[in-house]
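One structure below.
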Amino acid sequence: MAGREWIGTSGAGAGPAARGRASEAPARTLALGWMLMTYLDHAATTPMLEEALEAYAATAREVGNPSSLHAAGRCARRRVEESRERIAAVLGARPSEVVFTGGGTESDNLAVKGIFWARRAADPGRIRVVASAVEHHAVLDSVEWLATRDGATASWLPVDQAGRLDPDRLAAELDAHAGEVALVTAMWANNEVGTVQPIAALAEVAAAYGIPFHTDAVQAVGQVPVDFAASGVAALTVTGHKLGGPVGVGALLLGRDVGCTPVLHGGGQERDVRSGTLDAAGIVAFAVAVEAAVKAQQEYAARVAALRDDLVARVRQAVPEAVYNGDPADRLPGNAHFSFPGCEGDALLMLLDAQGIACSTGSACSAGVAQPSHVLLAMGADDDRARSSLRFSLGHTSTAEDVAALVAALPAVVERARRAGAVKSTRS
Amino acid sequence: MRVLAAMSGGVDSAVAAARAVEAGHDVTGVHLALARNPQTYRTGARGCCTLEDSRDARRAADVLGIPFYVWDLADRFHEDVVETFVAEYAAGRTPNPCLRCNEKIKFAAVLDRAVALGFDAVVTGHHARLGPDGLLRRSVDLGKDQSYVLAVLTREQLDRSIFPLGDSTKAQVREEAARRGLAVADKPDSHDICFIADGDTRGFLADKLGEAPGEIVDARTGAVVGAHSGAYAYTVGQRKGLSLGVPAPDGKPRYVLSITPKTNTVTVGPAEALEVSTVAGERPVWTGGPRPTAALDCEVQLRAHGQVVPANVRLDGAGLRAELREPVRGVAAGQAIVVYRPDPGGDVVLGSATISAAA
């Protein structure tokens, strides 16, 4: 029993009584918990690369604020600038276009609010934000905040049943509101169903109207080819912990001539667009991870997509009524997303979790309640289908054994969850 | 056994879960999200639906080393507890929402789902005893005893319930929580109705039911002695807050005797008129042995933490009838009548019913 929850137990916060129980699990097991479980939630966060961990630890041992003028400061600054160059080089950006932030959510907030504010300041008529309906909450809620609190008007671009955006639909929207659009934002790849968007085509449409285009590429970098300059986007969000770097560090790639009003005010460390002491150790580890992920992308995608295809085929065989969501072709290599009719996603998750298999139902509120996915709803699913879905996401540590473990457990879990679902619907 | 521990974020349910773990059960903790719009951290009134409570429950589960999930039962809770609560008041009765929550949510919706998902039982931190004999008894801590709000449970529900705290006092539970390193050890008890954050039941009802001005009538004279803005806001036996304009002929205090939704009238009268010695109940549940075929001498309790009186109880058809050995004041329709058999090992719950009438 005590061994059951080692995965999530740090042991540090445990009281005296609990400590006795936790001691049955050795400390090393706690740290490497993910290796002993079937971890199919890489899209939530993926294990840090060994080289990124080492780079982090090495840099964190040094002292020096990158903004300080003395030798220690210059040394820290050098690590940051080298990291900036490494990231710029592999993502097709100029070093000056890399603005370090505290991660994906901050980059998205900065891009959406900052570019909107800058554009409106230059032209008070530009009050409209065009965004896809399937954005991550970091973009979605930023746009909604601008709309409800800051006088913006939001246009939500619909997606088809596979979750894909249509560049012609964007063109029609921009045609209708040409003079009042401040920016367009659309994610490179969807975090839930894995659909990869035609970003270059969308950015080209926006460019034709002279409107800056932001893309949240948090799920895309390292998974599919991403080239900032070639894509034609004005701003791109990337984060560390989805590609083997640490949590809490990311970047906004921001074109040199794209105006952006700061969200965080202070020392102005990053191009006066973002303030806050630069996290040299985090940034170095982030750069190591970005470089490794991008350089390995082709080989990685081929290997993981093959695993994923195997997973999908075997899940469909084991549970024939399962509905495979998202675009079958233009899709992140590690993403498999299903609806299991008659089941509730959170029941499935709990039953799989009890067998050491980690997956995701989508987003949860701050209390931990699973919410029906806005992505699936936007794709035309009804509330029941949205609530019955699960995401399995593979990553750099995934193996055939992970797929086998899932496929072995799934039929009985689905059967049980369906019975639980039936109980609920007959009583309400 | 595989058991599901309902963890409110309070000290009782945390210790109950800890004891279930210690008893060797395979325990999974679940926090029930009951509020449709969970409020953020709030001070003052304590409920069981805040983010803070959810976090406290999660931290207790961490310390116990058990898996933890949040189950969303907000819609069911709203339908079965909140709406019923409002409708009962509108019908002139005085509901007990905690009892309804046990009947419809914790030991119905949650228990059913748990069983369907492969669990054998639900563990809660209620203060009541439920031994191997299957009988529900009062807690050793009579001040904290919750057998009254559990008496509505059926045999099937009790058979899948575990109440590990019945043999302990609240003080012992707190002490044990501290010893186990549970941060909720000194968290204050919740008293209020959890879905009425500020404790203002009257304001809550007015908000839901709107203003409905009507008359307050004296039972003896038939004269209108005051006005009210909604009969639903009154409870049988209530004395305070009546603001009667016409003094009683004998100068003695008057109490709410009855509420008549049809005419939107509140009837008041002297304390003696509140006394009842016959109570009728509907939808009886009987778990303390075979259903009695003859009248039975026992004890009854007519509201939570209310006095216990000797009575003679009979089950007839779909109802229950109790002749009280001594008159009782302030018996409100909608509350439960719970039938106990005195026992040195803890009074045994024999059965219960919802009070439909009293005279």
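Throughout, protein chains are lettered first and strands after them, A, B, ... in sequence-line order, and every chain is numbered starting at 1. Just so it is clear, the values below take in all heavy atoms, side chains as well, and ignore hydrogens, waters and symmetry mates.
- Nearest heavy-atom pair across Ala417(A) and Leu117(B) is CA-CD2, 4.3 Å.
- Within 6.0 Å of CZ on Arg160(B) lie no more than 12 heavy atoms contributed by other residues, nucleotides or ligands.
- Here Asp72(B) contributes atom CG and Arg387(A) contributes atom CZ; the two are 6.5 Å apart, rounded to the nearest 0.5 Å.
- Using a cut-off of 4.0 Å between Lys/Arg side-chain N and Asp/Glu carboxylate O, Asp346(A) and Arg113(B) are scored as salt-bridged.
- Scanning for ring pair (Phe, Tyr, Trp, His ring centres under 6.0 Å) contacts around Phe85(B) gives Tyr89(B), Phe195(B), with sequence neighbours left out.
- Of the inter-residue distances, the one linking Phe68(B) atom CZ with Met350(A) atom CE reads 12.5 Å to the nearest 0.5 angstrom.
- Going from atom OH of Tyr69(B) over to atom CG of Asp353(A) covers 3.0 Å, rounded to the nearest 0.5 Å.
- Across every non-hydrogen atom of Ala116(B) and Ala420(A), the tightest pair is CB-CA, 3.3 Å.
- Taking the ring pair (Phe, Tyr, Trp, His ring centres under 6.0 Å) definition, one finds that His127(B) meets it with nothing, sequence neighbours left out.
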